[in-house]
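A quick write-up on the structure given underneath.
Residue numbers begin at 1 in each chain, while the letters A, B, ... track the order of the sequences.
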Amino acid sequence: MTNKKDENKLIAERRSKLDLMREGGNAYPNDFRRDSLSGQLHQTFDAYKDETLREEHIRVAVSGRMMVKRLMGKASFIKLQDQSGQIQVRVERDSLPEGIYQRFKKWDVGDIVAAQGELFRTQTGELTILADEIRLLTKSLRPLPEKWHGLSDQEMRYRQRYVDLIINESSRNVFQKRSQIVTYMRSFLEAADFLEVETPMLQTTPGGANARPFKSHHNALDMELYLRIAPELNLKRLIVGGFDRVYEINRNFRNEGVSTQHNPEFTMMEAYRTYAEYTDWMDMTETMLHGMVDALNGSTLVSYQGEEFDFGKKFMRMTVEEAIEAYNPEFDMARIRDREYLADYCVKIGVNVQDNYGAGKLQIEIFDATGEAELREPTFITQYPTEVSPLSRKNDDDPFTADRFEFFVAGREIANGFSELNDPEDQASRFRAQVENAKAGDDEAMSYDHDYIRALEYGMPPTAGIGIGIDRLVMLLTNSASIRDVLLFPHMRPESFD
RNA sequence: GGGGCGUUAGCUCAGAGGUAGAGCAUUCGGCUUUUAACCGACUGGUCGUAGGUUCGAUCCCUACACGCCCCA
C-alpha cells in the first residue's frame with residue numbers, strides 16, 4: 001500500500017483532467033452556494049406529482065459528490081450525495097449552455113459537482129432536477145471503491161474512514177446514531193439539572209480506576225504527566241466544591257491491549273449526584289436506557305449479533321455472590337467468603353491466584369471467569385466486594401461488600417456505579433491498601449492521592465456516581481461487533497508509506 | 001504473549017507447482033427517462049515483503065509486516 005503503487009493509471013488520467021482544469025482557471029472554486037439538501041428535497045417534494053412539480057417551476061441549487069453517472073448519448077442521469085442523502089440530476093446537452101455537456105462527459109464518479117435547475121419526476125417516479133447549470137467544484141483524483149459491494153476491506157475502512165463514509169451508508173448511520181446517543185444522554189442529564197464540566201486529561205497522579213496509564217512528559221516544567229484513566233476524583237472534588245450534580249462526557253486513556261472491546265482511548269460518561277445512593281443510579285440508568293432505546297429505535301427492542309433484548313422490561317438484579325452461585329453449580333456457597341476455598345476454586349477453574357488476593361478479589365476473579373459472559377439480558381450485578389472497590393462506600397450492614405453495581409448486557413460491562421466513599425479516613429486506608437498492592441506487583445493499583453483525601457476532609461456530601469462506557473453502549477445500539485466500528489478513527493498500527 | 005485465518009487489477013472476488021482470471025470501474029465508440037442502465041471494443045498485475053526448496057514458485061517451506069478472529 002505504497003504511494004508509488006497508488007499512482008496508477010486511473011489516478012494519472014484524473015490528474016491530467018485536473019491539469020486541464022487548472023489551465024482553464026481556478027480548478028478549486030469556492031463561490032457556489034447551494035440552497036437545498038437532498039434529504040429536504042425528498043422530504044418536501046416526494047409527495048408531489050410530476051405535473052404539479054412542472055407547473056410550480058421549483059428551482060433548486062444542490063451540490064455533492066457524484067456517486068452515479070449514467071451517460072446516454074445526449075442526456076445523462078447522475079446522483080449527487082450530500083450528508084442528508086442523494087438526489088438525482090438529469091443532465092441534457094440541450095438544456096445546458098453550449099459546450100458544457102461535452103465537458104461534463106469527462107467528469108468522474110467521485111467528483112464534487114454543483115447543479116441547478118427545476119424539479120420534475122421521471123417515468124419511474126424518481127424526484128429529479130433537470131439541470132440548466134452544472135459545475136465541477138472539486139476534482140477527485142482517486143477512484144472510489146466499487147458501487148455494488150462497497151468497501152468491505154476492514155483495514156481500509158478503518159484507516160481510510162473517509163472512503164468508508166463516502167461509500168458505506170451503514171457506516172454513516174453508525175456515527176449518526178452515536179451522535180444521537182450522546183445527545184440523548186446529555187439532554188437527559190441536563191433535564192435532571194446536571195452541570196456539564198471538563199476536567200484535566202493530563203494529570204500528575206492518575207486515579208479513579210485500576211488501569212495502567214499512558215505516560216507523557218512536560219518539557220517546560222520537566223515533569224512526568226499521565227493521560228487520565230478516569231475523571232472520577234476530579235468530578236468528586238467538584239462535589240466537595242458544592243456542585244450537586246455534575247457530569248463529563250470525554251475520553252479516557254488506558255495503556256492496555258487492543259481488542260474488539262478495547263481501544264487505548266475510549267469515551268466515558270461519568271456523573272455524580274449528591275444525597276443519593278447507588279440504587280438511585282440503577283433506577284436512573286434504567287429510565288435513561290428505556291427512553292434512549294425507544295427514541296432511537298422506535299421500539300424498546302435491541303437486536304445485537306443474533307440476540308434480542310427488551311429494554312422495556314425491568315432489568316434483572318443480582319448480587320455478585322448470587323451470580324457466582326448461579327453460574328457455578330458445584331460451588332459451596334457456605335464458603336463463599338472463605339479465602340482458602342475461593343483460592344482453591346480459582347485454581348480449579350484455571351484462574352491465576354496471587355498471594356495478596358483476599359476473598360473479595362477472589363470472588364471477582366470467579367465472577368469474571370464464570371458469570372460475566374453469561375449475563376446476556378440487561379442485568380445489574382450488585383454488592384461488589386469492598387476489596388475491589390477502593391472508592392466505594394461500604395455497605396452499612398455488610399462491610400465485606402460495597403454499595404456498588406455494574407450493568408451488563410450481552411455479556412459485557414456497560415456501566416459501573418456506586419455510593420461514594422466520603423469518609424476521608426476510610427478512603428486513606430483504602431489508598432494505603434492500593435499502595436500495598438502496587439508494591440506486591442499490581443501495576444494497575446491506584447496511587448495515594450493526597451489532595452483527594454484533603455478534599456474529602458473538607459466534607460463531601462453523601463453522593464452516588466456512575467460511569468457509562470459510551471463506545472460499548474453505541475456498539476450495542478448499532479449492532480456493531482467491534483469497538484472499531486463505532487470509533488471514527490480507531491487505533492491502528494502505523495501504515496508504511498515507503 | 002499464544003493459536004487460527006487472510007493479504008491476487010482502483011474495488012469485490014475466483015484460481016492453480018508450468019504465459020494470471022471474472023464482474024464493476026477506467027479508456028474508446030454508440031445511445032435524450034436511467035435505477036447495479038444498456039450494447040460493442042480495448043486496457044489494466046512485482047499475486048503483502050524478504051529468504052529458501054525446485055529445471056521452474058504467485059502457489060510449497062521459513063521469517064517478517066499488516067489485518068481479522070479466538071485465547072491469556
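As rounded to the nearest Å, B:A36 and B:G45 have P atoms that lie 31 Å from one another. Rounded to the nearest Å, the gap between the C1' atom of B:A57 and that of B:A72 is 37 Å. Nucleotides B:U19 and B:A65 place their P atoms 34 Å apart, quoted to the nearest Å. A gap of 29 Å separates the C1' atoms of B:A14 and B:G51, to the nearest Å. Comparing the P positions of B:G6 and B:A20 gives an interatomic distance of 23 Å, to the nearest angstrom. A distance of about 10 Å separates the C1' atoms of B:U58 and B:U46, rounded to the whole Å. Separation of the P atoms belonging to B:G48 and B:G10 is 13 Å when rounded to the nearest angstrom. Here, B:C47 and B:U8 have their P atoms 11 Å apart, quoted to the whole Å.
Annotation for A:E340: atom CD does not count as buried by contact number, only 12 or fewer foreign heavy atoms lying within 6.0 Å. Counting heavy-atom neighbours within 6.0 Å of A:Q83 CD, excluding the residue itself, gives a total of 12 or less. Within a 6.0 Å radius of CD in A:E169, other residues, nucleotides and ligands contribute 12 heavy atoms or fewer. The number of heavy atoms from other shown groups lying within 6.0 Å of CG (A:N26) is above 12.
With rounding to whole Å, A:H262 atom NE2 is found 17 Å from B:G1 atom P. One can place CE of A:M492 at 16 Å from P of B:A65, the figure rounded to the nearest angstrom. Between A:D153 atom CG and B:A9 atom P the separation is 11 Å, expressed in whole Å. Protein atom CH2 of A:W148 is 22 Å distant from nucleotide atom P of B:A22, rounded to whole Å. With rounding to whole Å, A:R15 atom CZ is found 15 Å from B:G10 atom P. Atom CG of A:L10 is separated from atom C1' of B:U43 by 10 Å (rounded to the nearest Å). Note: CD (A:Q154) to P (B:C69) measures 6 Å, nearest angstrom. Remark: P of B:G10 and CG of A:D164 are 20 Å apart, rounded to the nearest angstrom.
Checking A:D35, A:N30, A:D31 one by one against A:R33, the side chain to side chain donor-acceptor pair (under 3.5 Å) holds for a single residue, A:N30. Considering A:K139, A:K69, A:R142 in turn, A:K139 is the only one that fulfils the salt bridge (charged side-chain N to carboxylate O under 4.0 Å, His left out) rule with A:D111.
In this structure, A:N437 contributes its side chain and A:G441 its backbone to no donor-acceptor pair below 3.5 Å.
Counting any heavy atom pair closer than 4.0 Å across all strands shown, A:G257 reaches no nucleic acid atom. Backbone-only contact: A:K106 has heavy atoms under 4.0 Å from sugar-phosphate atoms and none from a base.
Between A:F407 and A:F315, a ring centre-to-centre spacing shorter than 6.0 Å is recorded. In this structure, the ring of A:F367 has its center no less than 6.0 angstrom from the ring center of A:F331.
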Which pairs, protein N/O on one side and nucleotides 38-42 of chain B N/O on the other, fall under 3.5 Å?
none

I'd like a table of atom pairs between the protein and nucleotides 32-34 of chain B - only N or O on both sides, under 3.5 Å - with the distance next to each one.
residue	atom	partner	partner atom	Å
B:U32	OP2	A:K74	N	3.1
B:U32	O2	A:R90	NH2	2.9
B:U32	O4	A:D94	OD2	2.2
B:U33	O2'	A:Q123	OE1	2.2
B:U33	O2'	A:Q123	NE2	3.2
B:U33	O2	A:Q123	N	3.0
B:U34	O2	A:R70	NH1	2.9
B:U34	O2	A:Q88	OE1	3.3
B:U34	N3	A:Q88	OE1	2.9
B:U34	N3	A:Q88	NE2	3.1
B:U34	O4	A:Q88	NE2	2.6
B:U34	O4	A:T122	OG1	2.9

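The side chain of A:R484 contributes an N or O atom lying less than 4.0 Å from OP1 or OP2 of B:C68. For the OP1/OP2 pair of B:C13 and a distance below 4.0 Å, the side-chain nitrogens and oxygens of A:S152 include at least one atom meeting the criterion. A sub-4.0 Å separation between OP1 or OP2 of B:G67 and a side-chain N or O of A:R493 is present. OP1 and OP2 of B:U26 both lie 4.0 Å or more from every side-chain N or O belonging to A:K69.
Using Watson-Crick or G-U wobble geometry with both donor-acceptor distances under 3.5 Å, B:A9 finds no partner in any strand shown. Nucleotide B:C42 forms no Watson-Crick or G-U wobble pair with any nucleotide shown, as no partner meets the under 3.5 Å limit on both distances. Of all nucleotides present, only B:C71 satisfies the Watson-Crick or G-U wobble test against B:G1, with each distance under 3.5 Å. Shown here, B:U49 forms a base pair with B:A63; the pair counts as Watson-Crick or G-U wobble because both key distances fall under 3.5 Å. The partner of B:U35 is absent, by the rule that a Watson-Crick or G-U pair needs both atom distances under 3.5 Å.
Using cut-offs of 30° and 60° on the angle between ring planes, the pair A:W107 and A:F104 is perpendicular.
Side chain to side chain, A:Y304 and A:R376 fail the donor-acceptor criterion of an N or O pair below 3.5 Å.
Taking the ring-ring contact (aromatic ring centres under 6.0 Å, His included) definition, one finds that A:F309 meets it with nothing, sequence neighbours left out.
Of the two residues near RNA chain B, A:K17 and A:H149, the one whose nearest nucleotide lies more 5' is A:H149. Of the residues near RNA chain B, A:T260 and A:V109, the one whose nearest nucleotide (by heavy atom distance) lies more toward the 5' end is A:V109.
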